[in-house]
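Step one of this worksheet: look at the structure below.
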There are 2 protein chains.
Amino acid sequence: MVTAGGQPQSQDSRDEILKAAIHLFATRGFHETSMSEVAREAKVSKALIFWHFKTKEELFLAVLNKLLEPYVIDFAEESEKLDPREQIKKLIGGYVNFVRENASSVSFFLRRFMSGEEMPEAFTEQIRRLYDLYKALLTDRIRMGQEQGLCSCSNQPGVTANFVLAALNGLLINLLFMSQAQIDLDSALDMLYGLLFGATTGDASAH
Amino acid sequence: MVTAGGQPQSQDSRDEILKAAIHLFATRGFHETSMSEVAREAKVSKALIFWHFKTKEELFLAVLNKLLEPYVIDFAEESEKLDPREQIKKLIGGYVNFVRENASSVSFFLRRFMSGEEMPEAFTEQIRRLYDLYKALLTDRIRMGQEQGLCSCSNQPGVTANFVLAALNGLLINLLFMSQAQIDLDSALDMLYGLLFGATTGDASAH
DNA sequence: AGATGGATTGACCGATGGGTTAGGGATGGG
DNA sequence: CCCATCCCTAACCCATCGGTCAATCCATCT
């Protein structure tokens with residue numbers, strides 16, 4: 001219909017399809033979304049989807065690709081000058097912001113993950129590596145903070161990092177999926193910082 | 001086949017069906033489980049399932065019923081004598097144990113919930129009430145602890161309870177769904193207690 | 001023995017799912 | 001002008017899904 005100029009509109013339609021797919025997969029889930037629905041939402045014929053993507057699974061992979069590619073998350077900055085507390089706050093804040101800004105991508109991914117469905121090995125690997133990297137960075141900063149007497153928590157850094165991540169995940173799942181009974185993220189993060197740095201509100205004041 | 005005596009085996013087959021359904025729904029999800037699969041696993045004909053339960057949805061409800069009915073969770077005990085810290089520990093421990101012991105039921109419920117699928121209002125209401133009750137109890141005990149100077153965390157009790165619950169949920173989701181990269185629940189709980197009571201390991205030693 | 005009624009089944013049905021096919025326009029190159 | 005190639009579609013295909021039905025089995029009641 002809206003052929004912009006004389007160009008072939010392959011990429012146009014491809015993008016429309018991807019957009020519709022990410023939306024539907026994220027809000028309804030993979031299995032609950034039919035190709036006909038995707039076609040309807042993308043305003044193309046079902047056959048065209050199968051022309052762009054051989055199977056539904058391949059569409060899923062393409063969506064995954066499109067979602068993941070722009071976010072080469074830059075956790076590992078050169079912020080060596082900041083003190084560990086600030087670095088930890090940056091790490092946690094980065095995680096939270098990432099989830100916040102990419103809510104639909106994350107729930108898309110999370111749904112599929114929690115549904116027990118198989119994911120392509122390459123992607124789980126990629127995600128796991130990202131997650132491990134993040135955990136390692138967090139662990140390291142916590143260790144630094146402990147060595148410098150800035151972190152009040154005396155547990156092993158790895159254990160602490162695990163806990164922090166689990167708590168974050170709990171908070172973010174609340175954020176993503178529990179539209180009612182939302183908890184206030186900022187005060188919750190304050191608590192997390194309090195756990196790490198020894199103060200329960202605002203700035204640290206350990207010693 | 002194994003007709004125990006002369007009794008009609010209606011309840012036998014009904015239970016077999018429910019057993020198969022809870023297993024499949026919990027491990028594969030609602031939509032990913034077909035009635036034929038349930039029939040196969042329960043070793044009955046598909047038609048018999050529809051004789052016991054009018055629709056797949058009704059089977060789902062029956063499973064939900066069977067799962068929820070036995071657990072009139074006894075959070076609100078008469079343990080007024082215990083000091084608030086112990087009561088909080090009991091509350092948290094009870095939550096964790098409940099999820100642990102009913103892992104398949106909980107993931108069954110959680111999957112359906114996270115898939116965005118509708119739940120019967122009565123049940124969401126019931127769960128929400130249970131959850132609210134639990135949160136209220138937790139909030140109350142935390143407030144008591146703060147008043148008696150036993151809880152180091154100085155946030156509003158409600159905020160603290162929210163955070164504790166979110167952290168718990170994160171931990172339990174890790175427990176239920178992330179078979180790889182399991183984190184050690186006990187040390188994580190220790191951290192939570194540390195956050196609440198001011199000690200990072202073992203027993204409290206605030207004052 | 002015959003009738004009753006719950007329990008159980010194989011065979012069937014319409015709808016829907018993912019996926020295919022044959023072909024129609026547009027564009028561009030020879 | 002014709003042919004090839006890229007987009008794109010309506011119509012079709014077949015497996016599977018949730019669900020139905022008529023018939024059977026079997027213990028019990030009369």
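Each chain gets a letter, A, B and so on, in the order the sequences are listed, and its residues count up from 1.
Atom-to-atom, CD1 of A:I49 to P of D:dC7 comes out at 16 Å; the value is rounded to the nearest Å. The interatomic distance linking A:L48 (CG) with D:dA11 (P) rounds to 17 Å, in whole Å. Between A:F50 atom CZ and D:dC13 atom P the separation is 17 Å, expressed in whole Å. Rounded to an integer number of Å, the gap from B:K46 NZ to D:dC21 C1' is 13 Å. As rounded to whole Å, 4 Å separates atom P of D:dG18 from atom NZ of B:K56. Taking atom CD of A:E58 as the reference point, atom P of C:dT20 lies 11 Å away to the nearest angstrom. For the pair A:D15 CG and D:dC7 P, the computed distance is 13 Å after rounding to whole Å. Rounded to whole Å, the distance from CZ on B:F53 to P on D:dG18 is 15 Å.
Between A:F25 and A:F60, the ring-plane angle classifies as tilted under the 30° and 60° cut-offs.
Counting only distance, with no hydrogens or angles, the side chain of B:E86 and the backbone of B:D83 share no donor-acceptor pair below 3.5 Å.
Near-neighbour residues of DNA chain D inside residues 29-45 of chain A, defined by a heavy atom below 4.0 Å, number-ordered: A:V44, A:S45.
An OP1 or OP2 oxygen of C:dT8 is reached within less than 4.0 angstrom by a side-chain nitrogen or oxygen of B:S13.
A cation-pi contact, defined as under 6.0 Å to the ring centre and within 45° of the axis, links B:K56 to B:F30. For the pair A:K90 and A:Y95, the NZ or CZ position fails the cation-pi test of under 6.0 Å to the six-membered ring centre and within 45 degrees of the ring normal.
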Between the protein and nucleotides 21-23 of chain C, list every N/O to N/O distance that falls short of 3.5 Å.
none

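Partners of A:K43 under the side-chain hydrogen bond (donor to acceptor under 3.5 Å, both in side chains) rule, at least two apart in sequence or in another chain, do not exist in this structure. Taking the side chain to side chain contact (heavy atoms under 4.5 Å, CB included) definition, one finds that A:E41 meets it with A:A20, A:H23, A:L24, sequence neighbours left out. With sequence neighbours left out, the side-chain hydrogen bond (donor to acceptor under 3.5 Å, both in side chains) criterion links A:T33 to no other residue. Not a single side-chain hydrogen bond (donor to acceptor under 3.5 Å, both in side chains) links A:E58 to another residue, sequence neighbours left out.
Side-chain contact of A:D190 with A:S187: a donor-acceptor pair under 3.5 Å is absent, judged by distance alone.
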